[in-house]
> 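A single structure is presented below for examination.
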Amino acid sequence: MADMNELVEAAKRARTRAYAPYSRYQVGAAVRGDNGKVYLGANIENASYGLALCAERNAVAAAILDGCKQITGVAVITSTSPPAAPCGMCRQTLAEFAREMDVVMVNEKGERVDTTLSALLPRAFRPEDLP
Ligand code: THU
């Protein structure tokens, strides 16, 4: 629980760095790597709209680039009420790096939803599924 609170605070900090001039929908994310460290991500949009990068996947990329092999938890913050969940592409990306992880979604109002990746993405397609 304390671990997840730390991730929520990190996601809030990350959100201040979102680059979202087109949607004006700022997303902050934080993941915890298997080394215990916290990695930040924010959404980064582009004038070519389809190139928008999600906050969660940017946080995953930061963790992997730092040498993490697994991710144990993720927090995401938006302005949505009730708190928005990671998109499908981000769920699949997260599933690559752990069979299960804690997921916490929060918003600016302080509303919070605690769940797990397997609840958001049951029967995920996993690396082990490849022959
Ligand atoms: N976005 C995220 O960062 N994460 C999600 O899980 C869903 C959507 C971003 C992408 C885009 O910059 C903005 O939110 C609106 O879709």
Side-chain angles (χ1 to χ4, degrees):
M1 184 55 140
D3 277 10
M4 295 311 284
N5 291 343
E6 185 190 5
L7 277 191
V8 167
E9 292 309 310
K12 287 180 188 170
R13 289 200 304 280
R15 186 165 180 255
T16 67
R17 298 174 204 157
Y19 177 74
Y22 306 106
S23 71
R24 303 202 179 282
Y25 185 74
Q26 293 156 333
V27 186
V31 301
R32 189 177 301 283
D34 50 9
N35 57 5
K37 285 170 62 176
V38 173
Y39 299 90
L40 307 188
N43 55 331
I44 301 174
E45 297 184 345
N46 193 279
S48 178
Y49 293 173
L51 301 186
L53 298 169
C54 286
E56 298 92 324
R57 276 176 292 137
N58 282 331
V60 168
I64 300 308
L65 282 168
D66 198 41
C68 295
K69 302 294 183 211
Q70 293 279 290
I71 287 165
T72 61
V74 57
V76 56
I77 178 166
T78 64
S79 57
T80 301
S81 179
C87 78
M89 195 180 284
C90 288
R91 295 178 199 195
Q92 181 66 29
T93 299
L94 289 162
E96 182 77 13
F97 299 107
R99 186 165 290 284
E100 184 60 299
M101 73 179 73
D102 295 315
V103 179
V104 57
M105 293 108 71
V106 301
N107 64 20
E108 296 162 327
K109 291 202 280 189
E111 295 173 320
R112 170 170 171 153
V113 176
D114 286 86
T115 186
T116 61
L117 185 60
S118 65
L120 293 176
L121 188 65
R123 297 203 56 165
F125 183 76
R126 298 192 39 77
E128 297 78 20
D129 292 319
L130 290 173

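Atoms within each ligand, like the ligands themselves, are counted from 1 in listed order. We use all heavy atoms of the structure for the numbers below, so side chains are in, but hydrogens, waters and symmetry mates are not. What you see is a predicted model; the values in this text were computed from it and never measured.
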> Find out if a path of hydrophobic residues (ILVMFWY) with successive side-chain heavy-atom gaps under 4.5 Å connects Leu40 to Val8.
yes
> Looking only at protein heavy atoms, which one is nearest to atom 2 (C) of ligand 1, and how far off is it?
Cys54 SG, 3.4 Å
> Has Pro86 got any heavy atom lying under 4.0 angstrom from an atom of ligand 1?
yes
> Is there a polar contact, in the sense of an N or O pair closer than 3.5 Å, between Asn43 and ligand 1?
yes
> Between the side chain of Asn43 and the main-chain N/O of Ala18, is any donor-acceptor distance below 3.5 Å?
no
> Could you check if a side-chain atom of Leu7 sits within less than 4.5 angstrom of a side-chain atom of Val38, using non-hydrogen atoms only?
yes
> I'd like to know if the side chain of Glu100 and the backbone of Ser118 have a donor-acceptor N/O pair within less than 3.5 Å.
yes
> Is a side-chain donor or acceptor of Arg91 paired with a backbone partner of Leu120 at a separation under 3.5 angstrom?
yes
> Can you list the atoms of ligand 1 that are under 4.0 Å from a heavy atom of Glu56?
2 (C), 3 (O), 4 (N), 5 (C), 6 (O)
> Checking the N or O distance criterion of under 3.5 Å, is ligand 1 in contact with Cys87?
yes
> Could you list the atoms of ligand 1 found under 4.0 angstrom from a heavy atom of Tyr25?
13 (C), 14 (O), 15 (C)
> When you measure from atom 4 (N) of ligand 1 to the protein, is at least one non-hydrogen atom found at a distance under 4.0 Å?
yes
> Run the numbers for me: atoms of ligand 1, each under 4.0 Å from some heavy atom of Glu45, listed by number.
11 (C), 12 (O), 13 (C)
> Which heavy atom of Ala98 sits nearest to which heavy atom of Arg126, and what is that distance?
O-NH1, 3.3 Å
